[in-house]
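Take a look at the structure below.
Both counts, for ligands and for their atoms, begin at 1 and track the order of listing.
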Amino acid sequence: MDMNFNDLVDDCMKTIEKKMKNMKKMNIVIVGKSGVGKSTLINNIFRERLVATGTGARVTDHMVKITKPGFPLCLYDTRGFELGQDSQKEIKDELLKTIKEGSDSGDINRAIHCVLYCVSAPSHRFEPMEIEWIKTFIEGNRIYHIPVIIILTQAFDPEPDKELKKYIESMNLGVIQVVPVLAEDKTINGACIQKAYGLDTLIEIMQGALPDELKDTLMSVQQVNLTLKQKRAQAAVAAGVLAAAAAGASPIPFSDAALLVPTEVTMLASITAIFGFDISKSVITTIISSIIGTSGATFAGKILVSNLLKSIPGAGGIAGSAISGATASLLTTALGEAYIGVMTAMFKGEITAKDLETEQGKQKMSELFKRELKKK
Ligand SMILES: Nc1nc2c(ncn2[C@@H]2O[C@H](COP(=O)(O)OP(=O)(O)OP(=O)(O)O)[C@@H](O)[C@H]2O)c(=O)[nH]1
Ligand SMILES: [Mg+2]
């Protein structure tokens, strides 16, 4: 069966777009006094500088909802926490009301999923008023169980910051964890005295606390924990392998390898969404042609499979005229892992989308694929 290269690319683009569009929306709330570092934290965790470039809309007296078109994350930024007891009570009531409304809607896209409570670490103190606020908030939150994480911001002095963490933990407030973070390197007179740290740990804690439906979303929007992105992408490969094995359970003739294409396309789209890259058509074209070893207008399923098998040491000798479930699994694993390798290189900046449009970039991509495939 002949396949059309352009159709394949279009199919990939459409599937990626659909994956991104159907991704569940994550809603997080950030609370803390002015100047503790809420905006700096948010701008560094997510791949869009949400606070700097998003659109804010006031939703309650003290809360602004920040969104960006096409970005599946919505941030509720609170204002006025430092203004005293009255404001703090109002913030708590508005927050619980917002949580209730989200929960009552029954729509996961509208629910509040996580509350990040920020305390400035350099202050070395956790005031009685703040303790009281968290206690009463947790009380009101009891029926909703929204995970609350306490973040010690601007924690550039690790030893006393660890002490503060221990002290807060000893209060058993009912929060998920207390995490010290430094969102940006701390410099004094131009010299760096402490490198940024802790954002990857924060993301790991959030990922553990979120419902399964939101794990892809968090991975897609965050830019600080590559290992977790890779892990999540590997879960997408495992799902693809299962589907491919099922498709190949009764052997597929080589010439009908097109039967496997939808499975592979879905897998590639899932991985792309988890990495969260805005992939253009020309990039997809390069990636696909370097995967399948051809960019001819039309090609046969048989060519596709034999090209792929040739790249996998040990699989090249697979005889016969059909793909078994085991071979389909092997192909899918190799393809998925190779693609994760490419996404990783893009994440690290070793390859840029612009590079991929040049001959050199294509060459590099091809090499990367071969290297990844050889690992299998
Ligand atoms: N080096 C370093 N500076 C930080 C960090 N976090 C915050 N700052 C600095 O602290 C100041 C306040 O940070 P913001 O992120 O604006 O604080 P905020 O909580 O959003 O403040 P409001 O929006 O006024 O409520 C800024 O000058 C930041 O550059 C950090 O992790 N590292
Ligand atoms: Mg701010």
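Side-chain rings of Tyr117 and Phe81 approach one another, their centers coming within less than 6.0 Å.
Residue Thr40 does not count as close to the Mg ion (ligand 2), with no N, O or S atom under 2.8 Å.
Put simply, the side chain of Tyr167 never gets that close to the backbone of Arg125: no donor and acceptor are under 3.5 Å apart. Panel note: side chain Asp77, backbone Val64; no donor-acceptor pair is recorded below 3.5 Å. Arg47 contributes a side-chain N or O that, together with a main-chain N or O of Gly276, makes up a donor-acceptor pair within less than 3.5 Å. Counting only distance, with no hydrogens or angles, the side chain of Ser220 and the backbone of Ala273 share a donor-acceptor pair below 3.5 Å.
Contact annotation for atom 26 (C) of ligand 1: protein absent (non-hydrogen atoms, distance under 4.0 Å). Distance screen at 4.0 Å: atom 15 (O) of ligand 1 has a protein heavy-atom neighbour inside the cut-off.
Taking atom 9 (C) of ligand 1 as the reference point, the nearest protein heavy-atom neighbour is Gln154 OE1, 4.1 Å. Annotation: atom 24 (O) of ligand 1 to nearest protein heavy atom, Ser34 OG, 2.8 Å. Protein heavy atom closest to atom 18 (P) of ligand 1, with residue, atom name and distance, is Lys38 N, 3.4 Å. Gly37 N, 3.1 Å is the protein heavy atom nearest to atom 17 (O) of ligand 1.
Heavy-atom proximity to Ala183, at under 4.0 Å, picks out these atoms of ligand 1: 30 (C), 31 (O). Atoms of ligand 1 lying under 4.0 Å from at least one heavy atom of Ser39, given by number and element, are 15 (O), 18 (P), 20 (O), 23 (O).
A side chain to side chain donor-acceptor pair (under 3.5 Å) with His62 is found for one member of Gln88, Arg79, Glu90 and no other, namely Glu90.
Across the listed options Asp185, Leu182, Ile188, Thr40, Asp185 owns the non-hydrogen atom lying nearest to atom 1 (N) of ligand 1. The heavy atom nearest to atom 30 (C) of ligand 1, out of those in Glu82, Gln194, Glu184, is found in Glu184.
Annotation: Asp278, atom CG; neighbour count of heavy atoms from other residues, nucleotides and ligands within 6.0 Å does not exceed 12. Other residues, nucleotides and ligands contribute more than 12 heavy atoms inside 6.0 Å of the NZ atom of Lys165.
Within the 4.0 Å heavy-atom shell around ligand 1 one finds Gly35.
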